[in-house]
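A short write-up of the structure that comes next.
Computed from a prediction, not measured in an experiment: that's the story for all the values here.
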Amino acid sequence: MGSSELLIVLDRGSATPLQQQVCDGIAGLVGSGRLRPGEAVPASRELAAQLGVSRTVILRAYELLTANGLLTARRGSGTRVAERAAGEGAAPGPARTALAPQPPLATDGGDALWQPWEPPPMQQAGTALDFRHGTPALANFPVSRWRQSVHEAYARADVAALGYGPAEGSAALRAQIATLVRQSRALDASPDSILVTSGATQALDILARLLVGPGDVVVIEDPSHTVLRQVFGSTAGTVVPVPVDEEGLRVADIDAHVRAHGQDPDRVRLVYVTPSHQFPTGFIMSEDRRRALLAWAGRRGATVLEDDYHNEFTFAAERLPALAAARHQGTVVYVGSFSKTLFPALRIGYAIVPRRLVRPFLGIKWITDRLTPTVDQEALAHFVATGAYARHVSRMTRLYRERRRSLLDGLYTHFGAEVRISGAAAGLHVLVALTGARGVGEDEIVRRAAALGVRVYPASGYFVREPPAEPTFLMGYAALPGTRIAEGTALLAAAVREATEVREATAARETKAVRETKAVREATAARETKAAREATAAGPPVSRSRARR
């Protein structure tokens, strides 16, 4: 296929913006192997003419794809697919995978549920100041101490440990998790109810398969993470987003939103919440909302899925226990993970489930991956038992507190009253709304920041119903030293100033053009009115024959 034509189909009746549809279409072509690294994409004018849209739509789509690393633009060589947009040595054709994966089709037909597609993580940090969320301070992980635990686990490994272990996970690790959640989350759980998984996402997937059937309803928070929308959207149920505010999920609004989707609140089988650190707002669910949610779930016969997101890192003076620590009569399932406290590649999470769900949960896990690697679990159990885990979390909490302060200081220094920040009380990121840049597109700020060596990530796509009125970004700070954070906020402010000045200049030109056009129209109308009056005053024309008589 030449660079003059791309097979992209736009749905003009969709709520998804056209520029996002173009982004998704190009990412899909890269993922299928129809567009390959180094190949040129059509010039913006050509693609705009092909798709029947304005050139601005294509330019913005190309800018966003370039900022996210899927395309590259160089003077003289045009716009091309980035060389790192697919894995080296990957076989050509449909089997290739894109770094920007496309979500499955929504089962409820709600396109907004599937926004945004997220940019791929950076494989090498390089010199860019990357404020990507969800990445811990991996450079500060005690590798040598972890190596000792791994060595100990292999030294003790017998034939059983090297074979297929139990689907529920290592008994030693489950016992350590029981101690951790009892001491840090006030959650008294038996090791028999703790099931080890390959990360928190697998736990969510298994619970969705287990609890949600045709005609059922899943309630999620709005805004929420794209991954969990994909997990719950792959079920046969209907996904209903319900707004959150400063106190967490608006429990009193659940019934109304479910009915607005044409569903019966009695069919709600699962309510997903992140009460310790709501994603992405960072709000902490209040005690009143927690009680209200448990009461509502009890009345409706629903299960509450508590994702204890970032609970380990809390900077507020008072820390609330886990939602599952309350007396809930078996209505709460608790999900945790070691990805952010240790390192994501470990891929060890866990679920704490009511006794009635243990056997069916393990049945699904057995057929999906059989078991989570046993020796890694034994190494983690040793790491926790020796106190190394607690010491690491304590050190990281102090480090993240300092980096969080650097980010807040930088943002307030450069933006002053024109910034609104939420989520600073816990977690590894904050939600940043640039109130002084209203009217400037998030993608424009992303592009200009990237040109200055700063990567920031728009947050409006996480909101299903009411996206923010101003440019809003999810800014992670855990992986950046304080000096780099200060540098990054200064450069971000410069990028925002550039974008704002361009917008103001464009608006001024447009206003001037409107005024000039109006003036021309008024002058034309005045001349036409004057001519009509003069014609009326002169009376009807006299014929020549009458004049001769």
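Side-chain contact between Arg147 and Val143: present, with at least one pair of heavy atoms (C-beta onward) separated by less than 4.5 Å. Counting heavy atoms from C-beta on, the side chains of Leu204 and Tyr272 come closer than 4.5 Å. Looking at Thr341 and Met396, their side chains never come closer than 4.5 Å, going by heavy atoms from C-beta outward. Counting heavy atoms from C-beta on, the side chains of His429 and Arg132 never come closer than 4.5 Å. When side chains are defined from C-beta on, Val244 counts as touching Pro223, because their heavy atoms get closer than 4.5 Å. Within the 4.5 Å cutoff, the side chain of Phe361 has no heavy atoms near those of the Val333 side chain. Contact annotation: the side chain of Phe232 approaches that of Leu305 to within less than 4.5 Å [non-hydrogen atoms, C-beta and beyond]. The shortest side-chain heavy-atom distance between Ile445 and Leu492 falls under the 4.5 Å cut-off.
For the pair Gln21 (side chain) and Asp11 (backbone), a donor-acceptor distance under 3.5 Å is present. Of the possible polar contacts, one joining the Arg403 side chain to the Ala478 backbone as a donor-acceptor pair under 3.5 Å is found. Side-chain atoms of Arg174 come within 3.5 Å of backbone atoms of Pro191 as a donor-acceptor pair (strictly under, hydrogens ignored). Without hydrogens or angle criteria, Tyr400 side chain to Ala137 main chain gives a donor-acceptor distance under 3.5 Å. Side-chain N or O atoms of Arg229 include one that pairs as donor or acceptor with a backbone N or O of Tyr462 at under 3.5 Å. Side-chain atoms of Glu442 come within 3.5 Å of backbone N or O of Thr472 as a donor-acceptor pair. Panel note: side chain Gln377, backbone Thr372; a donor-acceptor pair is recorded below 3.5 Å. Counting only distance, with no hydrogens or angles, the side chain of Asp308 and the backbone of Ala322 share no donor-acceptor pair below 3.5 Å. Using a distance-only test at 3.5 Å, with no hydrogens or angles considered, no donor-acceptor pair links the side chain of Arg259 to the main chain of Pro265. A donor-acceptor contact shorter than 3.5 Å links the side chain of Glu306 to the backbone of Leu323.
Atom-to-atom distance recorded for Thr489:OG1 and Leu480:CG is 10.5 Å, nearest 0.5 angstrom. The CZ atom of Arg299 sits 11.0 Å away from the CG atom of Leu294 when rounded to the nearest 0.5 Å. Rounding to the nearest 0.5 Å gives a distance of 12.0 Å between OG1 of Thr235 and CG of Leu207. Between the CG atom in Leu187 and the OH atom in Tyr334 there is a gap of 6.5 Å [rounded to 0.5 Å]. The distance from atom CZ of Phe283 to atom CD of Glu221, rounded to the nearest 0.5 Å, is 11.0 Å. Here the CG atom belonging to Asp369 is positioned 4.0 Å from the CD atom belonging to Gln202, to the nearest 0.5 angstrom.
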- Message: side-chain contact (heavy atoms from CB on, under 4.5 Å) for Leu407 and Met475? Distances and angles first, verdict last.
- Response: CA-CA 9 Å; Leu407 178 59; Met475 297 187 67; 4.0 Å; yes

- Would you please test Val304 and Trp296 for side-chain contact (heavy atoms from CB on, under 4.5 Å) and show each step? CA-CA 10 Å; Val304 176; Trp296 183 93; over 6 Å; no

- Task: Determine, step by step, whether Thr386 and Arg145 satisfy the side chain to side chain donor-acceptor pair (under 3.5 Å) criterion, reporting the C-alpha distance in whole Å, the side-chain angles of both residues, the deciding distance to 0.1 Å, and the verdict.
- Result: CA-CA 10 Å; Thr386 58; Arg145 184 62 191 82; 2.8 Å; yes

- Task: List the steps, then state whether side-chain contact (heavy atoms from CB on, under 4.5 Å) holds for Val419 with Leu434.
- Result: CA-CA 5 Å; Val419 64; Leu434 302 178; 4.1 Å; yes

- Task: Show your working on side-chain contact (heavy atoms from CB on, under 4.5 Å) between Leu211 and Leu357 and close with a plain yes or no.
- Result: CA-CA 9 Å; Leu211 298 172; Leu357 296 180; 4.0 Å; yes

- Begin from the C-alpha positions of Thr397 and Arg401 and carry the test side chain to side chain donor-acceptor pair (under 3.5 Å) through to its verdict. CA-CA 6 Å; Thr397 300; Arg401 189 186 300 273; over 6 Å; no

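Using cut-offs of 30° and 60° on the angle between ring planes, the pair Trp146 and Phe343 is perpendicular. Below 30°, between 30° and 60°, or above 60°: for His133 and Phe279 the angle between ring planes is between 30° and 60°, a tilted geometry. Note on ring orientation: taking the six-membered ring where Trp is involved, the planes of Tyr350 and Phe338 are tilted (angle from 30° to 60°).
In terms of heavy atoms, Asp222 sits closest to Pro241 at CB-CB, 3.8 Å. The shortest heavy-atom contact between Pro142 and Phe383 is CG-CZ, 4.1 Å. Scanning both residues, Leu249 and Met285, for their nearest heavy atoms gives N-CE, 3.8 Å. In terms of heavy atoms, Ala302 sits closest to Thr331 at O-CB, 4.0 Å. Considering all non-hydrogen atoms of both residues, Ile206 and Lys365 come closest at CD1-CB, 3.7 Å. Closest of all the heavy-atom pairs between Pro136 and Gly134 is CD-O, 3.6 Å.
Between Arg209 and Thr368, the side chains place no donor N or O within less than 3.5 Å of an acceptor N or O (distance only, hydrogens not considered). Side-chain N/O atoms of Arg185 and Ser276 include a donor and acceptor closer than 3.5 Å. Neither side chain, Asp307 nor Thr274, offers a donor N or O lying under 3.5 Å from an acceptor on the other. Looking at Glu378 and Ser170, their side chains do bring a donor and an acceptor atom within 3.5 Å of each other.
For the side-chain contact (heavy atoms from CB on, under 4.5 Å) with Leu380, the lone residue among Ile348, Val150, Val375 that qualifies is Ile348. The salt bridge (charged side-chain N to carboxylate O under 4.0 Å, His left out) test with Arg300 is passed by exactly one of Asp255, Asp216, Asp264: Asp255.
Applying the 6.0 Å contact sphere to CZ of Arg395 captures more than 12 heavy atoms from other residues, nucleotides or ligands.
Taking the six-membered ring wherever Trp is involved, the centroid distance between the rings of Phe313 and His277 does not fall below 6.0 Å.
A salt bridge is absent between Asp376 and Arg347; no separation between the charged side-chain nitrogens and carboxylate oxygens falls under 4.0 Å.
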